[in-house]
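Report on one structure; see the data block that follows.
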Amino acid sequence: MKTPKVCLDTLVVRENKILLGLLSPQWNVDGKRVYGHPGRDIRFKETIGEAVKRDTREEIGCQVIKYKIISVNENFLLGNHFIGIGVVVEIDGEPKNLKPDDWEKWEWFDKDKIPSNLWSPAKNVIECYLQNKICVAE
């Protein structure tokens with residue numbers, strides 16, 4: 001029996017800007033390039049906080065200063081089924097592209113200039129952050 005996986009949808013913010021990565025072509029949605037946020041699977045017996053700190057360090061090479069859970073997302077993209085825990089994160093350090101197979105580049109975007117070509121979980125977590133409310137996407 002197949003079951004969904006649990007992952008993080010990590011929204012990195014700094015000075016009214018949001019960090020987004022242009023996903024590599026292998027992650028195209030309907031043939032189009034999309035922007036997303038860091039986030040990977042939560043490991044067995046790993047707390048959410050431990051996962052946020054580990055994943056942020058592994059994906060962009062930065063330390064987490066603080067984090068806050070703001071959403072729960074469902075993701076069925078590319079034949080998968082993930083339940084994503086949306087987390088807003090403040091970091092120390094400058095993001096680096098440590099996973100070049102998945103990400104082409106990282107960019108900071110003003111909150112009012114977010115690209116429209118977003119990975120669907122990124123869209124939900126960004127909306128929750130901008131509206132300052134807890135969201136559950138179904």
Side-chain angles (χ1 to χ4, degrees):
M1 176 173 72
K2 286 189 162 192
T3 59
K5 291 184 178 183
V6 180
C7 67
L8 296 171
D9 294 328
T10 305
L11 190 64
V12 179
V13 297
R14 178 185 283 161
E15 299 172 6
N16 291 318
K17 293 186 184 275
I18 295 172
L19 182 70
L20 294 172
L22 183 61
L23 284 151
S24 300
Q26 69 181 348
W27 300 107
N28 284 1
V29 176
D30 297 327
K32 296 178 185 166
R33 302 291 300 273
V34 292
Y35 282 91
H37 49 65
R40 302 277 171 165
D41 296 357
I42 297 173
R43 295 177 181 163
F44 187 71
K45 292 195 174 187
E46 185 176 49
T47 68
I48 293 169
E50 290 167 346
V52 168
K53 291 171 187 173
R54 174 193 48 80
D55 183 65
T56 302
R57 192 174 49 254
E58 290 176 358
E59 285 227 46
I60 62 173
C62 296
Q63 300 298 314
V64 172
I65 297 170
K66 65 180 180 175
Y67 70 94
K68 177 182 177 183
I69 298 169
I70 65 164
S71 67
V72 177
N73 301 313
E74 285 188 313
N75 173 356
F76 299 99
L77 289 171
L78 307 176
N80 294 307
H81 185 185
F82 282 92
I83 304 299
I85 299 171
V87 182
V88 173
V89 172
E90 291 181 30
I91 59 167
D92 182 33
E94 285 304 314
K96 300 168 200 65
N97 188 2
L98 300 179
K99 305 264 184 191
D101 290 343
D102 291 333
W103 303 100
E104 187 170 299
K105 61 183 175 177
W106 292 104
E107 298 178 66
W108 291 103
F109 290 92
D110 289 324
K111 289 196 288 188
D112 59 347
K113 295 182 180 175
I114 301 297
S116 60
N117 55 324
L118 293 173
W119 185 255
S120 60
K123 182 179 180 185
N124 186 53
V125 77
I126 290 169
E127 286 176 8
C128 294
Y129 173 70
L130 294 177
Q131 296 171 12
N132 195 28
K133 66 179 188 175
I134 302 287
C135 301
V136 177
E138 293 190 77

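What you see is a predicted model, and the numbers here were worked out from it, not measured in a lab. Any value given below was found using the heavy atoms of this structure, including those in side chains, with hydrogens, waters and symmetry copies removed.
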Co-membership, hydrophobic cluster, residues L98 and V89, 4.5 Å side-chain: no

P121 side chain near H37 side chain, heavy-atom distance below 4.5 Å: yes

Heavy-atom closest pair, residues G36 and L23: N-CD1, 4.1 Å

C62 SG to E90 CD distance, which is reported to the nearest 0.5 Å: 13.0 Å

CA sep, side-chain torsions, deciding dist, call: R40, D102, side-chain contact (heavy atoms from CB on, under 4.5 Å): CA-CA 11 Å; R40 302 277 171 165; D102 291 333; 2.6 Å; yes

Nearest heavy-atom neighbours spanning V12 and P38: CG2-CG, 4.1 Å

Worked verdict on L20 versus L118 for side-chain contact (heavy atoms from CB on, under 4.5 Å): CA-CA 9 Å; L20 294 172; L118 293 173; 4.0 Å; yes

CD1-CD1 distance between I42 and I83, expressed to the nearest 0.5 angstrom: 11.0 Å

Validation row: E104, R33 side chains within 4.5 angstrom (heavy atoms): yes

Smallest separation among heavy atoms of S24 and P100, with atom names: OG-O, 3.6 Å

Test item: side-chain donor near acceptor, Y35 and E107, under 3.5 Å: yes

Residues I70, V87; criterion side-chain contact (heavy atoms from CB on, under 4.5 Å); working and verdict: CA-CA 6 Å; I70 65 164; V87 182; over 6 Å; no

Atom pair CD/CG of E46 and D41 - distance to nearest 0.5 Å: 10.0 Å

Polar side chain donor-acceptor pair, K32 to N117, under 3.5 angstrom: no

Minimum side-chain heavy-atom gap V52-L8 below 4.5 Å: yes

Candidate pair I60 and I91, rule side-chain contact (heavy atoms from CB on, under 4.5 Å), full reasoning: CA-CA 10 Å; I60 62 173; I91 59 167; 4.2 Å; yes

Residue pairs fulfilling side chain to side chain donor-acceptor pair (under 3.5 Å) with at least one residue in residues 91-100, sequence neighbours excluded: R14-E94

W108 versus E15, side-chain donor and acceptor atoms under 3.5 Å: no

Side-chain heavy atoms of C128 within contact of I126, under 4.5 Å: no

Joint cluster assignment, V13 & I65, ILVMFWY side-chain distance < 4.5 Å: no

Under 3.5 Å: donor-acceptor pair, side chain of E50, backbone of T47: yes

Partner residues of R43 under the salt bridge (charged side-chain N to carboxylate O under 4.0 Å, His left out) criterion, sequence neighbours left out: E58

Side-chain heavy-atom pair T56, Y67 within 4.5 angstrom cut-off: no

Any D9 side-chain heavy atom under 4.5 Å of I85 side chain: no

From CG (D110) to CG (N16), nearest 0.5 Å: 8.0 Å

